[in-house]
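A short write-up of the structure that comes next.
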2 protein chains.
Amino acid sequence: MPDDRVEQAIEAIRASGGRITVDRRAIVQALVDHGDHRTVEELAQAVWVDHPGVNLATIYRTVELLEQLGIGFHVHVGHGPSLWHLSEHIHQHLVCDSCGTVIDVPDDSLDPLRRQLLESTGFEIDLHHFSMVGRCADCAGRSPDGEPAGPGGDPA
Amino acid sequence: MPDDRVEQAIEAIRASGGRITVDRRAIVQALVDHGDHRTVEELAQAVWVDHPGVNLATIYRTVELLEQLGIGFHVHVGHGPSLWHLSEHIHQHLVCDSCGTVIDVPDDSLDPLRRQLLESTGFEIDLHHFSMVGRCADCAGRSPDGEPAGPGGDPA
DNA sequence: TTCCGTGCAAACAATTTGCAATAGA
DNA sequence: TCTATTGCAAATTGTTTGCACGGAA
């Protein structure tokens, strides 16, 4: 029953004093429909299926609003546009440079790293707002470039 | 004797069949003068001190060239423009969201993380091309937000 | 009715590109 | 000379903003 999340978000908007519009509902819906992380452009495509009129600026303004409410998040992915998603649990993003796949990693799985960096450098990394880029198993293991994934690699 | 690096880079350009121009020398010099990581805009400021005529496009083209030669690198830092630097050893960048400080971390110090992610997700992170954002010791330890840096924190 | 949300088009920042003039080898 | 490099200005991409109109409350 994923529509729960739509209502949750709508409720949050209402609670904050915001107005509930067709556009906003459609945008939240698009965000919920795919657990995916998507660019504003991709969101627009999804929204336009049922609501062709919605302007890009409106989508930007809506995801920004969701972020202010603490229920929307965006991740930076190097070169390209930001990816947006709704989520209850903080997580880190691994983005494959080859195929674009996004892998979510639970936040606490990176605790050892976080602790290590904190001790050695005093630096406290922000684990959810920025992505780590690299190669997913498929792209790394089957890369024609020759170099295998390293020890433990070659999953095929 | 940091000028060594300038000659090294110049030599690499020459070896690749590129021509040595005043502009390129000035840009490499600006890159070497500060071990720092700097944006194209900042590089331009440095270059313009002695060579006011150099065009931004030229700087973009030159750092791109250096990257192609494997002696220049750029790091993505979320919102802002890319940071460029010359370096012999691969390293990871920690960029402070508050003060902008860049901390270099030797690549192998992240090996445990890399291995862990590789095993648990099959994902092989690219450790030098993208930065990790967070808070440096100063900004985290003295943050008025209340939450201290955690165990081992409070370096003062 | 009273503002908030929206469309539109222009502004923006970072970066890239086409083309003619210029300067390195 | 001959072609790579540069300057310039315009194009691109992702995103933000000002303003007047229309719709939520």
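Order of the sequence lines fixes the chain letters, A, B, ..., with proteins taken first and strands second; residue numbering starts at 1 for each chain.
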* Look at all strands and tell whether B/Val54 reaches a base, only sugar-phosphate, or nothing, counting heavy atoms closer than 4.0 Å. => sugar-phosphate

* Structure fact -> Listing for DNA chain D: consecutive Watson-Crick or G-U pair runs of at least 3, distance cutoff 3.5 Å, ranges ordered by first number, gives C:1-11 with D:15-25, C:16-25 with D:1-10

* **Spacing between B/Gln68 atom CD and C/dT16 atom P, to the nearest angstrom** => 11 Å

* Asked: For C/dT16, does either OP1 or OP2 sit under 4.0 Å from a side-chain N or O belonging to B/Tyr60?
  -> no

* Structure fact -> In 5'-to-3' order, the base (B), backbone-only (S) or no-contact (-) status of each nucleotide in nucleotides 19-25 of chain D, using a 4.0 angstrom heavy-atom cut-off, is ----BBS

* **A/His74 and A/His85: CA distance, side-chain angles, deciding distance, side chain to side chain donor-acceptor pair (under 3.5 Å) verdict** => CA-CA 6 Å; A/His74 74 278; A/His85 62 112; over 6 Å; no

* Asked: Between atom CZ in B/Arg25 and atom P in D/dA4, what is the gap in whole Å?
  -> 20 Å

* To do: Mark yes or no for whether B/Arg38, through its side chain, and B/Trp84, through its backbone, hold a donor-acceptor pair below 3.5 Å.
  => no

* Heavy atoms, side chains only, cut-off 4.5 Å: are B/His51 and B/Arg25 in contact? -> no

* Round to the nearest Å and state the distance from B/Trp84 atom CH2 to C/dT15 atom P. => 9 Å

* Asked: Rounding to a whole Å, what distance do you find between A/Leu65:CG and D/dT15:C1'?
  -> 17 Å

* Asked: C/dC12 C1' sits how many Å from B/His79 NE2, rounded?
  -> 17 Å

* Between atom CD in B/Glu41 and atom C1' in C/dT15, what is the gap in whole Å? -> 12 Å

* Taking the inter-plane angle between the rings of B/His91 and B/His37 on a 0 to 90° scale, is it parallel (under 30°), tilted (30 to 60°) or perpendicular (over 60°)? -> perpendicular

* Just do the side-chain contact (heavy atoms from CB on, under 4.5 Å) check on B/Val77 and B/Val102 with the steps written out, would you? => CA-CA 10 Å; B/Val77 191; B/Val102 178; over 6 Å; no

* To do: Please name the pair of heavy atoms, one in A/Ile10 and one in A/Ile20, separated by the smallest distance, quoted to 0.1 Å.
  => O-CD1, 3.5 Å

* To do: Round to a whole Å and report the spacing from CG of A/Leu69 to P of C/dG5.
  => 11 Å

* How is A/Gly53 classified with respect to the nucleic acid when contacts are heavy atoms under 4.0 Å: base, sugar-phosphate, or nothing? -> sugar-phosphate

* Asked: With distance as the sole test, does B/Ser16 use its side chain to make a donor-acceptor pair with the main-chain N or O of B/Ile13 at under 3.5 Å?
  -> yes

* To do: Grab the CG-P distance between B/Leu56 and C/dA13 for me, whole Å please.
  => 13 Å

* To do: Report yes or no: do A/Val54 and A/Val32 belong to one cluster of Ile/Leu/Val/Met/Phe/Trp/Tyr joined by side chain heavy-atom distances under 4.5 Å?
  => yes

* Kindly compute the distance separating CH2 (A/Trp48) from CG (A/Leu43), expressed to the nearest 0.5 Å. => 10.5 Å

* Structure fact -> Contacts of A/Ala57 and A/Arg24 projected onto DNA chain C by closest heavy atom; the upstream (5') one is A/Arg24

* Does B/Ser82 make a side-chain N or O approach to OP1 or OP2 of C/dT15 shorter than 4.0 Å? -> yes

* Counting side-chain heavy atoms from C-beta on, which of D/dT15, C/dG7, C/dT6 comes nearest to A/Pro81? -> D/dT15

